Asks: 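Can you keep this structure in mind? I'll have questions shortly.
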Amino acid sequence: MIIEIVSFANPPGATREQLLEGARSTLPRWQANRDLVRKHYTSSRDGSRGVGIYVWPSIEAAQAGHDAAWIAAAEARTGGPVSIAYHDLLMVLDNETGTVTEPP
């Protein structure tokens with residue numbers, strides 16, 4: 001399993017509700033992606049940066065989800081560079097469900 005962290009600039013002065021509206025508009029795209037296991041929509045505390053945290057079954061699935069066309073569109077929309085980092089998911093502790101999972 002792969003964790004992908006995607007970071008980008010939020011529009012200056014955007015409210016939390018405006019950021020949520022933008023995030024909601026992407027739901028159909030990500031709900032239709034059968035490779036995507038989970039996505040967390042986050043924002044920096046000051047609202048200046050958006051961060052998506054994705055869980056994928058493989059690096060190939062992550063890279064297909066954020067291909068060159070997606071990156072170019074995101075950079076055009078945000079007016080700045082998109083940063084993407086990949087990490088191996090070693091283990092998940094979920095206190096809400098009381099589970100610990102070690103993906104293969």
Side-chain angles (χ1 to χ4, degrees):
M1 296 283 255
I2 296 293
I3 296 290
E4 178 188 41
I5 300 172
V6 178
S7 177
F8 51 89
N10 279 330
T15 66
R16 186 175 198 280
E17 186 56 37
Q18 289 169 324
L19 296 176
L20 274 169
E21 286 175 23
R24 288 181 191 117
S25 74
T26 72
L27 287 172
R29 168 184 166 58
W30 295 116
Q31 288 171 322
N33 188 318
R34 293 294 154 213
D35 286 330
L36 181 63
V37 176
R38 182 170 293 112
K39 178 178 181 188
H40 296 267
Y41 292 80
T42 73
S43 178
S44 60
R45 298 281 297 157
D46 67 1
S48 66
R49 307 261 332 143
V51 179
I53 302 169
Y54 301 77
V55 179
W56 299 96
S58 67
I59 190 83
E60 293 81 12
Q63 290 171 336
H66 293 107
D67 60 12
W70 183 92
I71 292 169
E75 289 179 345
R77 185 178 67 251
T78 63
V82 171
S83 169
I84 299 178
Y86 303 101
H87 303 272
D88 286 326
L89 178 58
L90 299 175
M91 183 169 45
V92 176
L93 164 64
D94 186 334
N95 282 337
E96 190 172 39
T97 62
T99 60
V100 174
T101 306
E102 294 182 23

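From a predicted model like this one, the values you see are computed outputs, not experimental measurements.
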Asks: Against Trp56, only a single residue in Gln63, Glu4, Arg38, Lys39 fulfils side chain to side chain contact (heavy atoms under 4.5 Å, CB included); can you say which?
Replies: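 Single side chain to side chain contact (heavy atoms under 4.5 Å, CB included) partner of Trp56 among Gln63, Glu4, Arg38, Lys39: Glu4.
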Asks: Kindly give the heavy-atom pair with the smallest separation between Pro103 and Met1, and that separation in Å.
Replies: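 Residues Pro103 and Met1, closest heavy atoms: CB-CG, 3.3 Å.
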Asks: Where is the tightest heavy-atom contact between Ala85 and His87, given as atom of each residue plus distance?
Replies: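 Nearest pair, atom of Ala85 first, then His87: CB-NE2, 3.9 Å.
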Asks: Suppose we screen for ring-ring contact (aromatic ring centres under 6.0 Å, His included). Which residues come up paired with Trp70, at least two apart in sequence or across chains?
Replies: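 In terms of ring-ring contact (aromatic ring centres under 6.0 Å, His included), with neighbours along the sequence ignored, Trp70 is linked to His66.
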Asks: Are the side chain of Asp88 and the backbone of Leu90 linked by a donor-acceptor contact shorter than 3.5 Å?
Replies: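 No, the answer is negative, given that no donor and acceptor are paired below the 3.5 Å cut-off.
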Asks: Give me the atom names and distance for the closest heavy-atom approach of Gln18 to Thr15.
Replies: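 What the structure gives for the nearest pair is OE1-N, 2.7 Å.
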Asks: Taking all non-hydrogen atoms of both residues into account, name the closest pair between Asn33 and Asp35 and its distance.
Replies: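 Closest heavy-atom pair between Asn33 and Asp35: OD1-N, 2.9 Å.
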Asks: Measuring from atom CG of Asn10 to atom OG1 of Thr78, what distance do you get when rounded to the nearest 0.5 angstrom?
Replies: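 One finds 9.0 Å between CG of Asn10 and OG1 of Thr78.
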Asks: Can Ile84 be reached from Leu36 by stepping across I, L, V, M, F, W or Y side chains whose heavy atoms are under 4.5 Å apart?
Replies: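 Yes, because Leu36 and Ile84 connect within a single hydrophobic cluster, where side-chain heavy atoms sit under 4.5 Å apart.
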Asks: Judged by atom type as modelled, is there a donor-acceptor pair below 3.5 Å linking the side chain of Thr42 to the main-chain atoms of Val51?
Replies: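 At least one qualifying donor-acceptor pair exists.
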Asks: Does atom CZ (Arg24) have a neighbourhood of more than 12 heavy atoms from anything else shown, all under 6.0 Å?
Replies: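 More than 12 heavy atoms, drawn from other residues, nucleotides or ligands, come within 6.0 Å of this atom.
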Asks: Give the cluster check for Ile71 versus Phe8: same hydrophobic cluster or not, with ILVMFWY residues linked at side-chain heavy-atom distances below 4.5 Å.
Replies: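 Both belong to a single hydrophobic cluster.
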Asks: Evaluate the side-chain proximity of Tyr41 to Leu27: yes if any heavy-atom separation is below 4.5 Å, no if none is.
Replies: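 In short, these two side chains touch, coming nearer than 4.5 Å.
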Asks: Taking the side chain as every heavy atom from C-beta outward, state whether Leu19 and Pro11 have any pair of such atoms under 4.5 Å apart.
Replies: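 A side-chain contact exists here, since the closest heavy-atom pair is under 4.5 Å.
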Asks: For a quick test of reading the model, state the closest non-hydrogen atom pair linking Ile2 to Ile59 and the distance between them.
Replies: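 For Ile2 and Ile59, the tightest heavy-atom pair comes out as CG1-N, 3.4 Å.
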Asks: How does the hydrophobic cluster around Leu20 look, that is, which other residues are in it when side-chain heavy atoms under 4.5 Å mark a link?
Replies: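 Taking Ile, Leu, Val, Met, Phe, Trp and Tyr as members, Leu20 stands alone, with no cluster partners.
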Asks: Closest heavy-atom contact between Gly22 and Ser25?
Replies: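 For Gly22 and Ser25, the tightest heavy-atom pair comes out as O-OG, 2.6 Å.
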Asks: Are the side chains of Val55 and Val92 in contact, using a 4.5 Å heavy-atom criterion?
Replies: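 A side-chain contact is absent here, since even the closest heavy-atom pair is not under 4.5 Å.
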Asks: Would Leu89 end up clustered with Val6 when hydrophobic side chains under 4.5 Å apart are linked, directly or stepwise?
Replies: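 In one cluster: no.
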